Amino acid sequence: MRELNKIIVVGASLAGLRAVQTLRREGFEGEVTLVGAETHVPYNRPPLSKSVLRGDDDVTLPGAEELGDQWLRGRQAVRLDVRSRTVTLDDGVEVGYDGLVIASGARPRRLDGVRTLRTLDDALALRAQLESGHEHVLVIGGGFIGGEVASTARQLGRKVTLVDSAPYPMHAGLGEEASRWLAAHHERNGVELVTNVRVTAVNGGQVRLSDGRSIAADLVIGGMGVVPNTEWLDGSGLSVDDGVLCEPTLFATESTDVVAAGDVARWPHGLFGGERVRIEHWSNANEQGAVAARNLLAGPENAQPFADVPNFATHVHGARVQMAGLPHLADAASIAAGSPEEDRFAVAFTRNGVLVGAVAVNSPKDLIKLKRAITARETF
């Protein structure tokens, strides 16, 4: 372990929490300052679009109770100077460091008149709206957040319209076969799908679409993707392009004392030919926060590349949909097990014959096998 005395972790969500835990477990005895924009204890985000909207407040994130006194709640980093090694907070206070973990996450894309779901406060506000009697919910975006919100709203007995710009929900991530199945699954469970159009404006209770149509809705919720929180890094000297640009070891490009992890980190993935990726899912933040902290302590010369296979899972109308790898890199796809007609199947995605991704619907064992094959760079 190299000699470090003071480490700042910016971002108190999952990646930041795992970084703090790892620093202590690896034997770092210096000062750790955790800067978090929210006042809540770090919590688990996946339940926000599911059980929290149904009334369950359990968002416990194991390990959050380990945080010490050097946790700055409700504070934001607004500027970084890598030359003087200082982070400036929103109250003007400057905090020095000799090691920095950037885990500042991402925020939802927004549209006037549209509610978003990212934080616990967002979820509680949405729950209050759903409980207040709004009967028709319109969801913009069929990604995993939009799909889960649509599913939960249907469970609560609401009429749901899902608007997506692609031909099928999650088309880019799941591929043709699985996204077509997902569209039919939504419709079988009472969701009205409106696809191949974009929402251009929301005025009062009217949602205007790019094809000229207008849909009336009581509550409009957006799942339109996220933007990495990097504005505070402007002028810092770090390279930023859709996230903090990192080396394979998660060190910020051309830096020896700054690492990044979670939704904000963009790095060349060794399993996929150095393709630069930024992964927004729970498992990535969980693992990456720990690896970034470990590498920071080890130093660039002894750091290990981060090459975990990306994966995520979502539950929509009772079905479990899982993804591993990077299916969007594929030049071919084929059914590897089961069939869409059985509502249980897996799809293998290949590039030049080598597995680069997998999608499974209600077929977790097949997903595990395919994920192992992706790691081993097997042909299919």
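For this chain, numbers begin at 1 and follow the sequence in order. These numbers were taken from a predicted model, which means no experiment stands behind them.
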* Is Arg278 salt-bridged to Asp242, cutoff N-O under 4.0 Å? -> yes

* **Val41 with Val59, same ILVMFWY side-chain cluster at under 4.5 Å** => no

* Flag yes if more than 12 heavy atoms outside Arg198 fall under 6.0 Å of its CZ atom; otherwise flag no. => no

* To do: For Val202 and Gly113, work out which heavy atoms get closest and say how close.
  => CG1-O, 3.8 Å

* Does atom CZ of Arg154 have more than 12 heavy-atom neighbours, drawn from other residues, nucleotides or ligands, at distances under 6.0 Å? -> yes

* Asked: Minimum heavy-atom separation for Ile8 to Gly96, with atom names?
  -> CD1-O, 3.6 Å

* Would one find more than 12 heavy atoms of other residues, nucleotides or ligands at under 6.0 Å from atom CG of Asp112? -> no

For residues 134-142, which side-chain N or O atoms pair as donor and acceptor with protein atoms under 3.5 Å away, sequence neighbours left out?
residue: His134; atom: NE2; partner: Gln129; partner atom: OE1; Å: 3.1
residue: His136; atom: ND1; partner: Ala216; partner atom: O; Å: 2.9
residue: His136; atom: NE2; partner: Thr161; partner atom: OG1; Å: 2.8

* Taking atom NZ of Lys369 as the centre, report whether more than 12 heavy atoms of other residues, nucleotides or ligands fall under 6.0 Å from it. => no

* Separation of Thr253 OG1 from Leu238 CG (nearest 0.5 Å) -> 8.5 Å

* Under 6.0 Å from the NZ atom of Lys159, do we count more than 12 heavy atoms belonging to anything else shown? -> no

* **Hphob cluster co-occupancy, Leu117 + Met170, side-chain heavy atoms under 4.5 angstrom** => yes

* **Value rounded to 0.5 Å, distance of CD in Glu131 from CG in Leu53** => 9.5 Å

* Asked: Where is the tightest heavy-atom contact between Leu370 and Ala336, given as atom of each residue plus distance?
  -> CD1-CB, 4.3 Å

* Report the C-alpha distance between Asp121 and His40 in whole Å, list the side-chain angles of each, state the deciding distance to 0.1 Å, and finish with yes or no for side chain to side chain donor-acceptor pair (under 3.5 Å). => CA-CA 9 Å; Asp121 289 339; His40 301 290; 2.9 Å; yes

* **Intermediate values then yes/no, ring-ring contact (aromatic ring centres under 6.0 Å, His included), His281 and Phe144** => CA-CA 10 Å; His281 303 303; Phe144 69 98; 4.9 Å; yes

* Looking at side-chain heavy atoms only, is the closest gap between Val359 and Phe349 below 4.5 Å? -> yes

* Structure fact -> d(Gln76 CD, Asp91 CG) to nearest 0.5 Å is 11.0 Å

* To do: For residues Trp181 and Phe345, determine if any side-chain heavy atom of one lies less than 4.5 Å from a side-chain heavy atom of the other.
  => yes

* Asked: When you look at CZ of Arg2, are more than 12 heavy atoms from neighbouring residues, nucleotides or ligands closer to it than 6.0 Å?
  -> yes

* To do: Taking all heavy atoms of Thr350 and all of Gly353, pick out the closest pair and write down the distance.
  => CB-C, 3.9 Å

* List the steps and the verdict of side chain to side chain donor-acceptor pair (under 3.5 Å) for Thr60 and Asp58. => CA-CA 6 Å; Thr60 303; Asp58 185 7; 2.8 Å; yes

* Asn295 vs Phe251 side-chain heavy atoms within contact, under 4.5 Å -> yes

* Below 4.5 Å, heavy atoms only, C-beta onward: do Leu124 and Leu126 meet side chain to side chain? -> no

* Counting only heavy atoms not in Glu176, do more than 12 fall under 6.0 Å of its CD? -> yes

* What do the steps show when you test Arg294 against Glu26 for salt bridge (charged side-chain N to carboxylate O under 4.0 Å, His left out), and what is the final call? -> CA-CA 7 Å; Arg294 199 173 296 120; Glu26 291 292 315; 3.5 Å; yes

* Asked: Are Asp366 and Arg344 close enough for a salt bridge, meaning some N to O gap below 4.0 Å?
  -> yes

For residues 259-269, which side-chain N or O atoms pair as donor and acceptor with protein atoms under 3.5 Å away, sequence neighbours left out?
residue: Asp263; atom: OD2; partner: Arg118; partner atom: NH2; Å: 2.6
residue: Arg266; atom: NH1; partner: Asp241; partner atom: O; Å: 2.9
residue: Trp267; atom: NE1; partner: Phe306; partner atom: O; Å: 3.0
residue: His269; atom: ND1; partner: Leu271; partner atom: N; Å: 3.2
residue: His269; atom: NE2; partner: Asp308; partner atom: O; Å: 2.7

* Give the C-alpha distance, both sets of side-chain angles, the deciding distance and a yes or no for side chain to side chain donor-acceptor pair (under 3.5 Å) between Ser283 and Asn286. => CA-CA 5 Å; Ser283 60; Asn286 188 54; over 6 Å; no

* Give a yes or no on whether the backbone of Val82 and the side-chain of Thr86 come within a donor-acceptor separation of less than 3.5 Å. => no

* Going through the distances and angles, do Glu148 and Thr314 end up as a side chain to side chain donor-acceptor pair (under 3.5 Å)? -> CA-CA 7 Å; Glu148 289 172 359; Thr314 184; 2.6 Å; yes

* Asked: Are Leu297 and Val101 in one and the same hydrophobic cluster, where Ile, Leu, Val, Met, Phe, Trp and Tyr link if side-chain heavy atoms are under 4.5 Å apart?
  -> yes

* Not counting sequence neighbours, which residues clear side chain to side chain donor-acceptor pair (under 3.5 Å) with Arg213? List them please. => Asp211

* Is there a donor-acceptor contact under 3.5 Å from the side chain of Arg276 to the main chain of Cys246? -> yes

* Pairwise side-chain contact, Asn284 with Pro310, heavy-atom cut-off 4.5 Å (strictly under) -> no

* Asked: So with a 6.0 Å cut-off around CZ of Arg79, is the heavy-atom count from everything else above 12?
  -> no

* To do: Using the salt bridge (Lys or Arg N to Asp or Glu O under 4.0 Å) rule, collect all pairs that involve residues 216-232, keeping only residues at least two apart or in two chains.
  => Arg107-Glu231

* To do: Give a yes or no on whether the backbone of Thr39 and the side-chain of Arg73 come within a donor-acceptor separation of less than 3.5 Å.
  => yes

* Quick one: hydrophobic cluster around Leu367, which other residues, with the 4.5 Å side-chain cut-off, linked directly or via members? -> none

* Asked: What is the minimum heavy-atom distance between Val114 and Gly222, and which atoms define it?
  -> CG1-N, 3.2 Å

* To do: State which residues pass side chain to side chain contact (heavy atoms under 4.5 Å, CB included) with Glu378; sequence neighbours excluded, sorted by chain then number.
  => Ala373, Ala376

* Asked: From Glu38 CD over to Arg75 CZ, what is the distance, rounded to the nearest 0.5 angstrom?
  -> 15.5 Å

* Minimum heavy-atom separation for Ala360 to Ser363, with atom names? -> CB-O, 3.5 Å

* Answer whether the closest heavy-atom distance between the side chains of Ile7 and Phe28 falls below 4.5 Å. => yes

* To do: Say whether, by atom type as modelled, one donor and one acceptor occur between the side chain of Asp98 and the main chain of Asn5 under 3.5 angstrom.
  => yes

* Asked: How long is the gap from CD on Gln322 to CG on Asn362, to the nearest 0.5 Å?
  -> 9.0 Å

* Structure fact -> In this structure, OG1 of Thr230 is separated from CD1 of Ile102 (nearest 0.5 Å) by 9.5 Å

* Report yes if some heavy atom in the side chain of Ile215 is under 4.5 Å from a heavy atom in the side chain of Val194; otherwise report no. => yes

* Side-chain contact test, heavy atoms from C-beta onward, threshold under 4.5 Å: evaluate it for Ile374 versus Phe272 and give yes or no. => yes

* To do: Mark yes or no for whether Arg377, through its side chain, and Leu355, through its backbone, hold a donor-acceptor pair below 3.5 Å.
  => no

* Give the ring-plane orientation class for His186 versus His317, where under 30° counts as parallel, over 60° as perpendicular and anything between as tilted. => perpendicular

